[in-house]
There are 2 protein chains.
Amino acid sequence: MTTRWLTPEEQRAWRAYVAASLLLEDAIDRQLQQDAGMPHLYYSILSVLSESPERRLRMTDLAERLKITRSRLTYAVTRLEKDGLLRREACRYDKRGSIAALTDEGFTVLERAAPGHVDTVRSFLFDRLSEEQVGQLEEITAAIAQGLQEDGTRTAADDVPWRRRSSPACS
Amino acid sequence: MTTRWLTPEEQRAWRAYVAASLLLEDAIDRQLQQDAGMPHLYYSILSVLSESPERRLRMTDLAERLKITRSRLTYAVTRLEKDGLLRREACRYDKRGSIAALTDEGFTVLERAAPGHVDTVRSFLFDRLSEEQVGQLEEITAAIAQGLQEDGTRTAADDVPWRRRSSPACS
DNA sequence: TAGGTTTGTTTAAAACTTGAACCAAGCCCG
DNA sequence: CGGGCTTGGTTCAAGTTTTAAACAAACCTA
């Protein structure tokens with residue numbers, strides 16, 4: 001089968017997208033590095049934890065929400081723990097598990113970094129979009145993410161309903 | 001001034017965006033690494049070169065199009081040169097300049113990798129969007145990129161029209 | 001209980017990024 | 001012309017991150 005190349009419209013969209021995502025991620029990383037001493041990913045870890053029940057989550061669940069590998073997460077969490085922003089706890093229900101729990105200090109750091117972060121996201125993203133476009137962006141990116149999820153992390157267990165992760169957060 | 005937090009709609013959009021861009025970049029990197037032995041950025045370098053007049057471009061111009069620092073580009077180009085996919089040439093009109101020129105081998109590698117890459121982009125992105133959404137995506141990301149450009153790389157020269165880079169590609 | 005899975009970490013090697021420092025070449029202006 | 005600033009590009013050192021493979025412990029199911 002011969003390749004279906006991108007149409008001119010698709011090409012324009014693709015290029016604009018690539019440029020925007022690169023620039024945006026750079027800008028956000030820079031801002032957070034500056035103001036909070038950590039890159040976007042690390043901030044996201046704290047942020048996700050802060051919204052979880054009891055501000056804690058199992059490593060695997062955390063990795064899943066952040067769309068990163070467990071190995072990568074282990075590395076990041078180790079640094080955050082060293083900085084005292086979170087703590088690892090044992091899981092009572094599953095002795096293999098370890099739980100990342102946001103510390104008070106971590107929460108404070110997050111609270112202090114949040115305004116600057118939101119300002120950045122706002123000024124570079126939402127301030128430039130109409131309300132309508134915000135909705136469009138959500139639909140578009142949600143569709144993309146969905147496609148990539150079901151495809152990527154497809155394991156045998158996904159085909160066995162009764163074995164699917166339920167993850168009561170073990171909390 | 002108190003922070004204007006994100007509205008629920010904005011939050012949803014932001015999260016979907018972050019997840020999608022991460023997953024998409026991962027998927028593309030994986031595919032290209034697999035099929036062409038290089039990450040997305042390197043492929044982009046070859047790709048931009050292949051579309052430039054005489055398949056060559058000055059380093060600074062290349063960095064500008066790719067939205068990366070010159071330092072970062074130097075590193076990448078060094079590797080690509082080592083792999084024989086491009087060659088550095090002296091610039092006749094400006095003895096400071098160096099030009100990255102795609103080699104025949106580089107072009108061949110690109111030709112072979114392109115179908116797989118396009119397939120990936122298509123299946124993860126465009127196949128999931130309506131024609132209308134493609135247009136929306138372009139407008140949205142173009143707006144974002146524009147905002148980030150004028151802000152970021154603002155140098156004194158930008159305010160002096162007659163000194164702005166014209167870059168006749170020196171070719 | 002055996003066999004296969006899942007969890008999370010470890011390890012070692014690469015790959016990448018950054019920022020500053022630097023040199024050579026170009027440009028400006030008195 | 002010649003000093004002084006700017007630009008193009010690389011180099012360097014340091015640190016960060018990423019990956020993949022291997023692993024042990026704990027789980028699960030038959």
Side-chain angles (χ1 to χ4, degrees), chain A residues 22 25-26 29-30 32-34 37-42 44-45 57-64 66-83 86 88-100 153 155-160 162-167 169-170, chain B residues 22 25-26 29-30 32-34 37-42 45 57-64 66-83 88-100 153 155-160 162-167 169-170:
Chain A
L22 200 99
E25 188 60 18
D26 269 13
D29 265 341
R30 209 181 324 285
L32 281 172
Q33 194 69 58
Q34 178 99 39
M38 67 182 79
H40 191 192
L41 177 62
Y42 291 65
S44 297
I45 292 174
L57 223 44
R58 282 191 62 161
M59 294 296 280
T60 295
D61 294 326
L62 197 44
E64 209 161 287
L66 295 167
K67 319 296 179 202
I68 62 176
T69 63
R70 273 168 310 173
S71 180
R72 201 171 161 189
L73 179 62
T74 294
Y75 177 86
V77 162
T78 300
R79 170 176 147 186
L80 288 171
E81 188 173 28
K82 224 167 264 164
D83 293 346
L86 58 74
R88 272 185 241 246
E89 292 176 359
C91 176
R92 272 168 304 175
Y93 308 99
D94 183 342
K95 285 184 186 155
R96 292 169 303 179
S98 82
I99 296 178
T153 327
T155 69
D158 291 332
D159 292 327
V160 188
W162 45 269
R163 286 202 60 201
R164 233 167 244 154
R165 291 196 56 81
S166 59
S167 82
C170 187
Chain B
L22 202 100
E25 188 59 18
D26 270 12
D29 266 340
R30 209 181 328 283
L32 281 173
Q33 194 70 59
Q34 179 98 42
M38 66 182 79
H40 190 193
L41 177 61
Y42 291 66
I45 292 174
L57 224 44
R58 284 191 61 159
M59 294 295 279
T60 296
D61 294 325
L62 198 44
E64 208 162 288
L66 295 167
K67 318 297 178 201
I68 62 177
T69 62
R70 274 170 313 178
S71 179
R72 202 172 161 186
L73 179 62
T74 293
Y75 178 85
V77 162
T78 300
R79 169 176 147 187
L80 288 172
E81 189 173 28
K82 223 167 265 163
D83 292 348
R88 270 185 242 245
E89 292 177 358
C91 176
R92 271 168 303 172
Y93 308 99
D94 183 343
K95 287 184 186 155
R96 292 169 301 179
S98 84
I99 296 178
T153 327
T155 69
D158 291 333
D159 293 325
V160 188
W162 45 271
R163 288 201 59 203
R164 232 167 244 154
R165 292 196 57 80
S166 59
S167 79
C170 186

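Protein chains get the first letters and strands the later ones, always in sequence-line order, with residue 1 at the start of each.
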Pairing residues for [X] by the side chain to side chain donor-acceptor pair (under 3.5 Å) criterion, not counting sequence neighbours:
X	value
T74(A)	none
R96(B)	D94(B)
T78(B)	R88(B)
E89(B)	R56(B), R87(B)

List for me each residue that meets salt bridge (Lys or Arg N to Asp or Glu O under 4.0 Å) alongside D26(B), sequence neighbours excluded, and say none if there are none.
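For D26(B), no residue satisfies salt bridge (Lys or Arg N to Asp or Glu O under 4.0 Å) once neighbours in sequence are set aside.
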
In this structure, how many angstroms lie between the [atom2] atom of [N] and the [atom1] atom of [X], rounded?
X	N	atom1	atom2	result
I68(A)	dT18(D)	CD1	C1'	11 Å
M59(B)	dA25(C)	CE	C1'	17 Å
R70(B)	dA21(C)	CZ	C1'	13 Å
K95(B)	dA25(C)	NZ	P	8 Å
D94(B)	dG26(C)	CG	P	6 Å
L62(B)	dT10(D)	CG	P	11 Å
D61(B)	dG8(D)	CG	P	9 Å
L73(B)	dG9(D)	CG	P	9 Å

Can you tell which of dG8(D), dC27(D), dT9(C) lies closest to the side chain of R58(B)?
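Minimum distance to the R58(B) side chain belongs to dG8(D).
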
Looking only at the side chain of T60(B) (C-beta and beyond, no hydrogens), which of the listed nucleotides dT5(C), dA25(C), dG9(D) gets closest?
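The answer is dG9(D).
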
In 5'-to-3' order, the base (B), backbone-only (S) or no-contact (-) status of each nucleotide in nucleotides 10-20 of chain C, using a 4.0 angstrom heavy-atom cut-off, is B----SBBBB-

Of all heavy-atom pairs between G37(B) and R79(B), which one has the smallest distance, and what is that distance?
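G37(B) and R79(B) have their closest heavy atoms at O-NH2, 2.9 Å.
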
